[in-house]
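Here's the structure we're looking at; comments come further down.
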Protein chains: 2
Amino acid sequence: MAVLDPRPTAECPVERALLVLDGKWSVLIIRELLGGPKRFTELRKALQIGSPKTLTERLRILEHQGVLTRTVYAEVPPRVVYELTERGQSFRSVLEAMAAWGDRDLTLR
Amino acid sequence: MAVLDPRPTAECPVERALLVLDGKWSVLIIRELLGGPKRFTELRKALQIGSPKTLTERLRILEHQGVLTRTVYAEVPPRVVYELTERGQSFRSVLEAMAAWGDRDLTLR
DNA sequence: CAGCATCCGGAACGATACTG
DNA sequence: CAGTATCGTTCCGGATGCTG
């Protein structure tokens, strides 16, 4: 998927959702933020992401897709807070479906 | 993700689900098969996949993950049918959640 | 602290030709 | 028909070093 033009343009709702969920970290980031707003380093630590570039990229894309907001506080040292939009919050239902599926049907093998 | 060892080994249910849904085509393949068993060429045509390699790879992985079965009929010409397992069928709930989310919250921008 | 710039390896995806 | 075998390209994800 193109890096900064991943707007949902697909006709199909499922494909639109896939455009957002694409990428290794998107779902995990959203899940993390469902627990409340987080700062850059908090996310990085929680998700065990080594490279800041990886996280920054995903956050920018999700912001651009309207899933989360990025708020910069002009302080020293700087503080940047990421928070889910309503659209991001409503992803909870999808996450719960995924969790239920992963739990019930994918218990070891 | 490794090509042929993508078994769900993660602790977390969501992460297990992600291990299966990874890859551009997995979800779309499952969705297609929710409409009933399909043959190789049918899937290829329906999903507009140019390269057979891409499709074969995904199918093998999903089979290995217990999402679908592959049945070979010893005929001439050969006939191979892909069909969802119970586990694959139960993915419908996740798909519906995704569709609802993509529909309600991602309608254009 | 929250990134940006840069470089890198590898995996995913894809096109094409060929086979049992 | 249903693949396999090859080859090529894109590009994501990650490591590292530096900066406002």
Side-chain angles (χ1 to χ4, degrees), chain A residues 1-7 10 15 18-30 32-33 37-65 68-83, chain B residues 1-7 9-10 15 18-30 32-33 37-65 67-83:
Chain A
M1 184 171 67
V3 175
L4 201 57
D5 192 40
R7 285 159 303 186
E15 286 170 33
L18 287 178
L19 285 177
V20 176
L21 305 194
D22 179 53
K24 186 176 171 184
W25 297 105
S26 296
V27 172
L28 300 178
I29 290 173
I30 295 176
E32 203 59 36
L33 291 179
K38 297 273 186 303
R39 301 176 61 174
F40 187 84
T41 305
E42 287 180 299
L43 287 172
R44 194 176 165 189
K45 221 184 308 176
L47 300 177
Q48 298 277 52
I49 297 182
S51 173
K53 175 181 158 255
T54 302
L55 181 55
T56 301
E57 254 177 33
R58 273 301 131 195
L59 288 171
R60 289 291 191 283
I61 292 175
L62 289 170
E63 180 190 6
H64 185 247
Q65 288 171 329
L68 54 80
T69 59
R70 175 175 179 269
T71 308
V72 183
Y73 294 90
E75 306 171 355
V76 179
R79 182 164 57 100
V80 178
V81 174
Y82 294 91
E83 184 168 10
Chain B
M1 184 170 67
V3 174
L4 202 58
D5 192 42
R7 286 160 303 187
T9 54
E15 286 171 32
L18 287 178
L19 285 176
V20 176
L21 305 194
D22 180 51
K24 186 177 173 184
W25 298 106
S26 297
V27 172
L28 300 178
I29 290 173
I30 296 176
E32 203 60 34
L33 291 179
K38 297 272 185 305
R39 299 174 64 173
F40 187 84
T41 305
E42 289 181 296
L43 286 172
R44 194 176 166 188
K45 222 184 306 175
L47 299 177
Q48 298 277 53
I49 297 182
S51 174
K53 177 179 156 255
T54 302
L55 180 56
T56 302
E57 256 178 31
R58 271 301 133 196
L59 288 171
R60 288 290 190 284
I61 293 175
L62 289 169
E63 181 190 6
H64 186 246
Q65 289 171 329
V67 172
L68 53 80
T69 59
R70 175 175 180 269
T71 307
V72 183
Y73 294 89
E75 307 171 354
V76 179
R79 182 163 57 99
V80 178
V81 174
Y82 294 91
E83 183 168 11

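Convention: sequence-line order gives letters A, B, ...; per-chain numbering from 1.
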Do the side chains of A:R70 and A:V80 get nearer than 4.5 Å, heavy atoms only?
yes
Which part of the nucleic acid, if any, lies within contact of B:R39, taking any heavy atom under 4.0 Å across all strands shown: a base, the sugar-phosphate backbone alone, or nothing?
sugar-phosphate
NA contact type, B:K24, heavy-atom cut-off 4.0 Å: base, sugar-phosphate, or nothing?
sugar-phosphate
Please report the distance, rounded to the nearest Å, between CG in B:L43 and P in D:dC1.
14 Å
Rounded off to whole Å, could you give me the CD-to-P distance for the B:E63 and D:dG3 pair?
10 Å
Quick one, A:E32 and A:L47 - any side-chain contact, counting heavy atoms below 4.5 Å?
yes
Any donor-acceptor pair under 3.5 Å between the side chain of A:K53 and the base of C:dG3?
no
In whole angstrom, give the distance that lies between atom CD of A:Q48 and atom C1' of D:dA15.
16 Å
Could you state the atom-to-atom distance from CG of B:D22 to C1' of C:dA11 in whole Å?
10 Å
Indicate whether OP1 or OP2 belonging to D:dC1 is found under 4.0 Å from a side-chain N or O atom of B:R44.
no
Using a heavy-atom cut-off of under 4.0 Å over every strand shown, decide if A:T41 touches base, sugar-phosphate, or nothing.
sugar-phosphate
A:L55 CG to C:dG3 C1', in whole Å, measures 10 Å
Is the shortest side-chain heavy-atom distance between A:I30 and A:L68 below 4.5 Å?
no
Can you check the B:E75 CD to D:dC1 P distance for me, whole Å?
13 Å
Could you say whether B:P78 or B:S51 is positioned toward the 5' end of DNA chain D, judged by the nucleotide with the nearest heavy atom to each?
B:P78
Ignoring backbone atoms, test whether B:Y82 places a side-chain nitrogen or oxygen under 4.0 Å from the OP1 or OP2 oxygen of D:dC1.
no
Which one, C:dA2, C:dT16, C:dC13, comes nearest to the side chain of B:P52?
C:dT16
Please state whether the phosphate of D:dG3, meaning OP1 or OP2, lies under 4.0 angstrom from any side-chain nitrogen or oxygen of B:R70.
yes
Mind calculating the distance between CG (A:L19) and P (D:dC12) to the nearest angstrom?
13 Å
Using whole Å, report how far CD of B:E57 lies from C1' of D:dA2.
16 Å
At 4.0 Å (heavy atoms only), tell me whether A:T56 reaches a base, stays on the sugar-phosphate, or touches nothing.
sugar-phosphate
Sole candidate of B:L62, B:L33, B:T69, B:I29 that passes side chain to side chain contact (heavy atoms under 4.5 Å, CB included) when paired with B:Y82:
B:L33
Starting at the 5' end of DNA chain C, which residue's closest nucleotide do you reach first, A:P77 or B:G50?
A:P77
Taking side chain as C-beta onward, heavy atoms only, is B:T71 less than 4.5 Å from B:R79?
no
So, is A:R58 close to the D:dC12 phosphate, meaning a side-chain N or O under 4.0 Å from OP1 or OP2?
no
Less than 4.0 angstrom between a side-chain N/O of B:R79 and OP1 or OP2 of D:dG3, yes or no?
no
Compare the minimum distances between each of D:dT16, C:dA2, D:dG3 and the side chain of B:R60, then state the nucleotide with the smallest one.
D:dG3
Please give me the minimum heavy-atom distance between A:P52 and A:R44, naming the atom from each residue.
CD-NH2, 3.6 Å
